[in-house]
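A short write-up of the structure that comes next.
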Amino acid sequence: MSQAETATNSNKSKKKWIIENVTSLGLALLLVFTIRSSIVEAFKIPSGSMIPTLLIGDHIFVNKFSYGIKLPFSDWILDHPIYLIPRDPPKRGDIIVFTFPKDESLYYIKRVVGVPGDTIEVRSKVLYINGKPAEQQKFKPEESEKIYNSLDDPKYSRTNLDLYHEKIDQLEHTIMIDHTNFWAENHLPTTIPADHLFVMGDNRDFSNDSRFWGFVPFKNIRGKAMVIWLSWWFNFSESQYYFRPSRIGTLLK
């Protein structure tokens, strides 16, 4: 074989190798983005609005087919997902990720407290759904102390806060209330329109939610929070690093 033929074969081999690897990489990326678009996506919690359920620095997986099987990339290309196979809509108590209705470039995470047709009201920091108060039971001191120690933030002072078990439709979760903060003490009765939700943060007095900016349209929902897969936070202002291995694998409810 001549030197020219050898060089030609070598170039063909290199081109074949490049094409095969680029194709493999392209298929792998397509699979990753399809999974991220339609099946599961990772999010990081940047704020304390869902404390004590979710802490700053928690990394979670969001189930993107909880409410239906989506056409891949539809919620990226359009302003809403297209469901190939719809499922039951969000229920009271679900923790959902959605695009903020006032700025859809932002993602928010909150708990659903009202569904279409419900009337939501807050009286003296107690949630009322269709005229009935959500059951609240205050934590025992030893239970509260354990949670306070996990918050990693001095602004959540034990002297100002109370923790409660709150029950919505027999589903129980934890909320935190600051009884020295009166700005969110009451919310007038509001009836939720079709295809919308009313959401609130579990950190009731430090949450920017439906009480202040209105309802979440169904089209903005991106999925249901599923599990914490990592929890760490670096506080740059205090040069403090927090790694919470005990939270890994926590199922969200």
Side-chain angles (χ1 to χ4, degrees), residues 43-60 92-97 108-114 120-129 132-187 198-212 224-235 237-238 240-253:
F43 287 88
K44 179 184 176 182
I45 305 303
S47 73
S49 71
M50 284 296 290
I51 289 174
T53 305
L54 289 166
L55 306 184
I56 298 172
D58 281 348
H59 295 247
I60 66 170
R92 300 185 198 97
D94 285 0
I95 301 173
I96 63 168
V97 169
Y108 274 29
I109 182 166
K110 306 290 180 186
R111 188 180 299 276
V112 177
V113 299
I120 298 297
E121 182 181 4
V122 179
R123 302 181 210 160
S124 300
K125 299 186 183 288
V126 176
L127 171 68
Y128 285 74
I129 304 173
K132 297 181 179 180
E135 181 182 333
Q136 292 182 354
Q137 183 178 357
K138 193 173 181 179
F139 270 57
K140 295 177 181 179
E142 58 272 21
E143 293 179 301
S144 298
E145 188 68 18
K146 182 178 179 180
I147 292 178
Y148 291 142
N149 289 335
S150 72
L151 298 185
D152 305 330
D153 195 331
K155 79 177 180 182
Y156 297 112
S157 167
R158 294 159 172 73
T159 59
N160 296 338
L161 303 173
D162 286 315
L163 296 169
Y164 292 86
H165 300 285
E166 183 177 75
K167 188 178 290 186
I168 300 178
D169 293 346
Q170 304 306 310
L171 299 175
E172 192 174 277
H173 54 273
T174 303
I175 62 171
M176 187 162 66
I177 292 177
D178 181 355
H179 285 290
T180 66
N181 187 331
F182 302 105
W183 76 297
E185 185 175 27
N186 299 293
H187 181 80
F198 196 100
V199 299
M200 294 174 67
D202 290 347
N203 190 357
R204 291 288 164 82
D205 294 291
F206 297 91
S207 174
N208 181 26
D209 53 41
S210 289
R211 292 171 292 177
F212 310 107
K224 180 180 178 182
M226 186 169 51
V227 65
I228 298 171
W229 64 273
L230 180 65
S231 184
W232 71 274
W233 174 44
F234 187 80
N235 186 339
S237 61
E238 302 292 336
Q240 294 174 317
Y241 175 82
Y242 301 100
F243 175 54
R244 315 180 189 103
S246 63
R247 295 184 61 78
I248 297 173
T250 301
L251 298 177
L252 298 173
K253 61 180 182 177

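Residue numbers run from 1 in the order of the sequence given.
Listed for the R111 side chain is a donor-acceptor partner under 3.5 Å among the backbone atoms of G93. In terms of modelled atom types and a separation under 3.5 Å, the side chain of N203 and the main chain of G48 share a donor-acceptor contact. Using a distance-only test at 3.5 Å, with no hydrogens or angles considered, no donor-acceptor pair links the side chain of R247 to the main chain of W232. Side chain of R204 to main chain of G201: a donor-acceptor pair is present (N/O by atom type, distance under 3.5 Å, no hydrogens or angles).
With rounding to the nearest 0.5 Å, the separation of CE in M226 from OG1 in T250 is 13.0 Å. Summarising the geometry, atom CG belonging to L252 is positioned 5.0 Å from atom CD1 belonging to I95; distances are rounded to the nearest 0.5 Å. Atoms NZ and CZ, from K146 and F139 in turn, are 10.5 Å apart once rounded to the nearest 0.5 Å. Summarising the geometry, atom CG belonging to L163 is positioned 7.0 Å from atom OG1 belonging to T174; distances are rounded to the nearest 0.5 Å.
For D205, the salt bridge (Lys or Arg N to Asp or Glu O under 4.0 Å) partners two or more places apart in sequence, or in a different chain, are K125. Applying the side-chain contact (heavy atoms from CB on, under 4.5 Å) test to Q136 and every residue at least two apart in sequence or in another chain returns V126, Y164, E166, I175, I177. Applying the side-chain contact (heavy atoms from CB on, under 4.5 Å) test to S246 and every residue at least two apart in sequence or in another chain returns nothing. Under the rule for a side-chain contact (heavy atoms from CB on, under 4.5 Å), the partners of K140 that lie at least two apart in sequence or sit in another chain are E142, E143. Every residue two or more places apart in sequence or in another chain that forms a ring pair (Phe, Tyr, Trp, His ring centres under 6.0 Å) with H187 is listed here: F198. Every residue was checked against the ring pair (Phe, Tyr, Trp, His ring centres under 6.0 Å) condition with H179, not counting sequence neighbours, and none meets it.
Between F212 and A184 the shortest heavy-atom distance is CZ-CB, 3.9 Å. Residues A225 and I109 approach most closely at CB-CD1, 4.0 Å, considering heavy atoms. Heavy atoms only, all atoms of each residue included: G57 and K44 are closest at CA-CE, 4.3 Å. Minimum interatomic distance between V97 and F43 (heavy atoms only, all atoms of both residues): CG1-CZ, 3.9 Å. Considering every non-hydrogen atom in both S124 and N186, the closest pair reads N-OD1, 2.8 Å.
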Review point. Between L161 and D178, is a side chain to side chain contact (heavy atoms under 4.5 Å, CB included) present by the stated rule, with each step listed?
Key: CA-CA 5 Å; L161 303 173; D178 181 355; 3.7 Å; yes
Exercise for review: Could you walk me through whether F206 and I51 pass side chain to side chain contact (heavy atoms under 4.5 Å, CB included), step by step?
Suggested key: CA-CA 9 Å; F206 297 91; I51 289 174; over 6 Å; no
Exercise for review: Go through the steps to decide whether S49 and K110 satisfy the test side chain to side chain contact (heavy atoms under 4.5 Å, CB included), and finish with yes or no.
Suggested key: CA-CA 8 Å; S49 71; K110 306 290 180 186; 3.0 Å; yes
Point to revise | side chain to side chain donor-acceptor pair (under 3.5 Å) evaluation trace for S231 with D58 | key: CA-CA 4 Å; S231 184; D58 281 348; 2.5 Å; yes
Exercise for review: Would you please test I129 and I120 for side chain to side chain contact (heavy atoms under 4.5 Å, CB included) and show each step?
Suggested key: CA-CA 5 Å; I129 304 173; I120 298 297; 3.9 Å; yes
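Residues V112 and V199 meet the side-chain proximity criterion, which asks for heavy atoms closer than 4.5 Å. Taking the side chain as every heavy atom from C-beta outward, L127 and I168 approach each other to under 4.5 Å. Residues D209 and Y108 fail the side-chain proximity criterion, which asks for heavy atoms closer than 4.5 Å. Looking at heavy atoms from C-beta onward, L55 lies in side-chain contact with R244 at the 4.5 angstrom threshold.
Checked options E172, K167, Q170; the residue passing with E135 is K167 (criterion: side chain to side chain contact (heavy atoms under 4.5 Å, CB included)).
A salt bridge is defined here as a Lys NZ or Arg NE, NH1 or NH2 lying under 4.0 Å from an Asp or Glu carboxylate O, and D169 with R92 meets this definition.
Ring geometry for W233 against Y242 counts as parallel: the plane angle stays under 30°, on a 0 to 90° scale with 60° as the upper cut.
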